Amino acid sequence: MTTTIKVSDDLRDRLKAQAASRGLTLGAHLARLAEAEDRRLRLTNLREAVAATSSAGGAGYDDEADLWERAELADAEK
């Protein structure tokens with residue numbers, strides 16, 4: 001199933017250029033952007049949950065979270 005979304009011509013052109021530069025269809029590019037945003041939100045929620053834990057429970061979290069975040073973002077850009 002397909003649908004139409006309303007965006008400005010400038011935004012449409014930017015998205016199409018980004019997709020083309022990666023050899024993707026516009027739909028595939030939008031799906032990757034949505035997946036990357038989902039990951040970003042999961043990591044943000046995780047950071048907030050860890051921040052709410054005791055300092056002993058959160059020791060070392062920032063370093064590990066940064067490593068995972070870089071790995072996730074690298075995967076999203078492939």
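Residue numbers count from 1 along this sequence. Computed from a predicted structure; not experimentally measured.
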Q: Rounded to the nearest 0.5 Å, what's the gap from NE2 on His29 to OG on Ser21? Could you check?
A: 7.5 Å
Q. Between atom OG1 of Thr44 and atom CZ of Arg39, what is the distance when rounded to the nearest 0.5 Å?
A. 13.0 Å
Q. Going only through I, L, V, M, F, W and Y residues with side-chain contacts under 4.5 Å, is there a path from Leu30 to Leu11?
A. yes
Q. Which value, rounded to the nearest 0.5 Å, describes the distance between Leu15 atom CG and Asp10 atom CG?
A. 11.0 Å
**Q.** Interatomic distance, Leu33 atom CG to Arg40 atom CZ [nearest 0.5 angstrom]
**A.** 12.5 Å
(Q) Is there a continuous path of hydrophobic side-chain contacts, each under 4.5 Å between heavy atoms, that joins Val7 to Leu26? (A) yes
Q) How close do Arg22 and Gln18 get, heavy atom to heavy atom, and via which atoms? A) NH1-O, 3.1 Å
Q) Under 4.0 Å between a Lys/Arg side-chain N and an Asp/Glu carboxylate O for Arg12 and Asp9? A) yes
